[in-house]
Amino acid sequence: MGFAASVLVLTALAVRIRDGRPPLWDGAVLAFLGPDRYGEPLRSTLDVFMAIGGEYRGLVFAVLLIAVLVALRRPRAALLSTAVVGATIATVVALEPAFERPALIAGHQGYFPSGHAAGSLAVAGVLALVAWRTRWRWLVVTGGIVFVALYGAALVYFRSHYPSDVVAGWCIAAAWTCVAAPLVPRREAHSGR
């Protein structure tokens, strides 16, 4: 159900963007936010956040997670994490050239879907899948939701992406996370025990 909903929303947004008819809520959200805030001091904080939080640099988090899982002798979970994050980023990279969007900031290029939004949700989704059968699941899920929501809001607030770019990125990551969810191992045998 989550997979189908994600693909349906992504498809609807992609068709509108391709046809040059972005959703009305894109303009409404940007108008509500007011003038461009690209030059604000808080922007430098977002730049740091973006450098570690999403898109291709989000792979750093994935690599660290995979290293921890291997160290904890959870090779299947590590492989699953690699697959989800890799498939998410590969999907974004494959789709971006097909969609032209006007840039929100002069000198930048508009991207649909947002790789930053996709990367952040892919990493949060993988963490939730790995932690799901532990006592930490609700803490990890809640932290992931807060992180992804704030990160997506910051991408829009600072005009790095249109709201629909962010939602499309989330849809890609959610779809791949839904594909992987049934594959999460209940327990993995620990060698040497």
Is a donor on one side and an acceptor on the other found under 3.5 Å between the side chain of Ser120 and the backbone of Ala117?
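At least one qualifying donor-acceptor pair exists.
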Taking Arg159 for its side chain and Tyr157 for its backbone only, find out whether a donor-acceptor pair lies under 3.5 Å.
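The answer is yes, because a donor-acceptor pair under 3.5 Å joins these two groups.
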Could you state whether [X] and [Y] fall into the same hydrophobic cluster, counting links through intermediate Ile, Leu, Val, Met, Phe, Trp or Tyr residues with side-chain heavy atoms under 4.5 angstrom apart?
X	Y	result
Phe112	Val15	no
Val123	Trp136	yes
Val167	Leu24	no

Would Arg16 and Asp26 pass as an ion pair if we require N to O under 4.0 Å?
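Between Asp26 and Arg16 there is no salt bridge, as every charged N stays at least 4.0 Å from the carboxylate O atoms.
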Output all residues satisfying ring-ring contact (aromatic ring centres under 6.0 Å, His included) with Trp25, sequence neighbours left out; order by chain, then residue number.
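Once residues adjacent in sequence are excluded, Trp25 has no partner under the ring-ring contact (aromatic ring centres under 6.0 Å, His included) criterion.
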Would a 4.5 Å heavy-atom cut-off, applied to side chains only, mark Val156 and Val166 as touching?
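Val156 vs Val166: side chains touch.
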Close side-chain approach of Ser6 to Ile172, heavy-atom, < 4.5 Å:
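SC-SC contact between Ser6 and Ile172 ruled out.
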Of the non-hydrogen atoms in [X] and [Y], which two are nearest, and what is the gap between them?
X	Y	result
Pro113	Val92	O-CG1, 4.0 Å
Tyr162	Pro102	OH-O, 3.0 Å
Ile89	Gly119	CD1-CA, 4.1 Å
Ala173	Ala118	CB-O, 3.3 Å
Phe99	Ile17	CD2-CG2, 4.1 Å
Gly115	Glu96	N-OE2, 4.0 Å

If you count every heavy atom of other residues, nucleotides or ligands that lies below 6.0 Å from Trp176 atom CH2, does the total exceed 12?
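Count not over threshold, so no.
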Over 12 foreign heavy atoms within 6.0 Å of CZ, Arg135
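Check fails, neighbour count at 12 or below.
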From [atom1] ([X]) to [atom2] ([Y]), nearest 0.5 Å:
X	Y	atom1	atom2	value
Arg101	His161	CZ	NE2	10.0 Å
Leu121	Thr88	CG	OG1	8.0 Å
Phe3	Cys171	CZ	SG	11.5 Å

Scan Val9, Val29, Leu13 and name whichever one has a side chain to side chain contact (heavy atoms under 4.5 Å, CB included) with Ser164.
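Among the candidates, only Leu13 passes.
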For Thr177, enumerate each residue passing the side-chain hydrogen bond (donor to acceptor under 3.5 Å, both in side chains) test, keeping only those at least two apart in sequence or located in another chain.
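Checked Thr177 against side-chain hydrogen bond (donor to acceptor under 3.5 Å, both in side chains); zero matches.
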Using the side-chain contact (heavy atoms from CB on, under 4.5 Å) rule, take Val130 and Ser81 through it: C-alpha gap first, then chi angles, then the decisive distance, then the call.
CA-CA 8 Å; Val130 169; Ser81 301; 3.9 Å; yes
If you link ILVMFWY side chains whenever their heavy atoms are less than 4.5 Å apart, which other residues fall into the same cluster as Trp138? By chain and number, please.
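ILVMFWY cluster around Trp138 also holds Trp132, Val141, Ile145.
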